[in-house]
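We count ligands from 1, going down the list as the structure has it; atoms in each ligand are counted the same way. For the numbers below, each heavy atom of this structure counts, side chains included, while hydrogens, waters and symmetry mates do not.
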Amino acid sequence: MVPVMSLTPVTARACANIALVKYWGKRDPALNLPAAPSLSLTLEALTTETTVAFDEALPYDQLILDGTLAKPDDRERVTAFLDLVRAEAGVPIKARVTTKNDFPTASGLASSASGFAALALAATRAAGLTLEPRALSILARRGSGSAARSVFGGFVHMHSGARTEDAYAEPVEAPADFTSKLRMVIAVVGGGVVKQHASRDAMTHTAATSPMYKAWLDLVPKDMEAALAALAKGDIAALGALAEANALAMHASAITARPAVIYWQPATLAVLAEVRGLRSAGKQAWATIDAGPHVKVLTTAEDAELIQSAIVDIPGVTAVTISGVGSDATVVDAAKVVSLG
Ligand code: PMV
């Protein structure tokens with residue numbers, strides 16, 4: 001007789017993260033091995049909640065994204081990820097994945113980090129596995145490189161590692177009063193309807209064609225060392241200056257790819273100019289930009305509202321949210337009993 005498999009659904013929540021030293025380039029695209037390390041800050045205002053239910057009645061995996069059945073491309077990415085979990089857990093059945101992004105607006109802000117971290121946690125638990133945080137981070141990385149960092153709260157260091165089992169993220173200690181006072185002001189540019197180059201393709205294209213890519217790769221270890229030193233001292237000015245410079249270097253490599261990958265819009269540069277002006281006026285404000293037109297400003301609780309009001313009316317800025325520092329990915333609704341019989 002075929003054994004009946006009964007698995008209870010599990011819901012997990014993870015926060016997005018913003019890199020201060022960027023991940024931009026893979027050593028191995030199939031395994032999502034980063035070419036260099038990265039450093040990020042997890043944000044409490046941007047969360048994803050995901051429920052995974054393995055169900056023998058399903059002929060294939062189902063993905064429901066913010067209430068709508070997902071596009072085949074997105075579903076295939078989730079199926080490839082679930083296949084890793086199924087292989088590890090010895091669970092051959094398909095799953096229904098229901099995921100909801102609690103982002104400030106339909107913004108086009110990267111959700112793959114929080115998405116794959118929440119999926120890794122919910123899917124492994126729903127399949128009856130309890131992974132150590134490091135193993136969970138390695139698994140999340142297979143979904144999206146930046147997701148390895150969203151397994152943890154606070155500041156997070158992603159190691160590029162020599163082998164797949166060495167490419168994991170781990171939390172970095174910082175003075176507690178420093179972390180609790182930090183804020184990220186997130187300026188959404190273009191209302192999220194902007195067509196973007198997916199980061200996973202754009203970084204590979206940059207690596208293959210940009211004359212600046214080698215300079216970028218040489219820079220990252222130096223920026224990591226300086227950023228970690230600034231963090232240990234709780235020196236926001238040094239950390240912020242590094243983060244802004246590192247983001248601009250990442251974009252320099254992308255802009256000089258052939259053909260060019262340009263994420264910036266006029267409003268992106270207008271926000272950047274405002275941030276630099278605020279800084280000249282003595283405010284704590286440093287900008288970073290990812291694979292999209294939005295600008296995130298590293299600042300303190302003291303200056304966050306002033307920065308928000310200075311950028312909210314810039315034409316092209318469609319929403320501005322202030323976020324504090326987020327915590328580890330967590331299970332929010334776990335099965336009391338998981339029976340495999
Ligand atoms: O993990 P991915 O494929 O979403 O790539 C993230 C790339 C950046 O957001 C631009 C940088 C980073 O380190 O998060």
Need the ligand 1 atom indices (1-based, order shown) with element for anything under 4.0 Å from a heavy-atom of Ala19.
12 (C), 13 (O), 14 (O)

Exercise answer: donor-acceptor pairs, residues 25-33 side-chain atoms, under 3.5 Å, sequence neighbours excluded:
residue, atom, partner, partner atom, Å
Lys26, NZ, Tyr23, OH, 3.1
Lys26, NZ, Asn32, OD1, 2.7
Arg27, NH1, Pro34, O, 2.9
Arg27, NH1, Ser160, O, 3.2
Arg27, NH1, Gly161, O, 3.1
Arg27, NH2, Gly161, O, 2.6
Arg27, NH2, Ala162, O, 3.4
Asp28, OD1, Ala30, N, 2.9
Asp28, OD1, Leu31, N, 3.1
Asn32, ND2, Arg141, O, 2.9

Ligand-side contact atoms (ligand 1) for residue partner Ser199, heavy atom cut-off under 4.0 Å:
2 (P), 3 (O), 4 (O), 5 (O)

For Trp24, is at least one N or O under 3.5 Å away from an N or O on ligand 1?
no

Should one rank Lys26, Lys22, Arg149 by closest heavy-atom distance to atom 14 (O) of ligand 1, which comes out on top?
Arg149

Would you kindly say whether Thr42 and Asn17 are connected by a side-chain donor-acceptor distance under 3.5 Å?
no

Lys214 vs Asp218, test: salt bridge (Lys or Arg N to Asp or Glu O under 4.0 Å). Steps then yes/no.
CA-CA 6 Å; Lys214 187 179 178 306; Asp218 290 344; 2.9 Å; yes

Hydrogens and angles aside, do Thr256 and Ser210 bring a side-chain donor and acceptor to less than 3.5 Å of each other?
yes

So the atoms of ligand 1 within less than 4.0 Å of a heavy atom of Ser112 turn out to be 4 (O)

Ligand 1 versus Ser38: contacting region, heavy-atom distance under 4.0 Å:
neither

Quick note on ligand 1: atoms under 4.0 Å from a heavy atom of Ala291 include exactly 10 (C)

Look at the rings of Phe178 and Phe155 and say which category their plane angle falls in: under 30° parallel, 30 to 60° tilted, over 60° perpendicular.
parallel

Numbered in order shown, the ligand 1 atoms found under 4.0 Å of a heavy atom of Met203 are 5 (O), 7 (C)

The side chain to side chain donor-acceptor pair (under 3.5 Å) partners of Arg183 (sequence neighbours excluded) come to none

What atoms of ligand 1 come within less than 4.0 Å of a heavy atom belonging to Gly145?
1 (O)

Is it the case that Ser323 and Lys296 place a side-chain donor and acceptor less than 3.5 Å from each other?
no

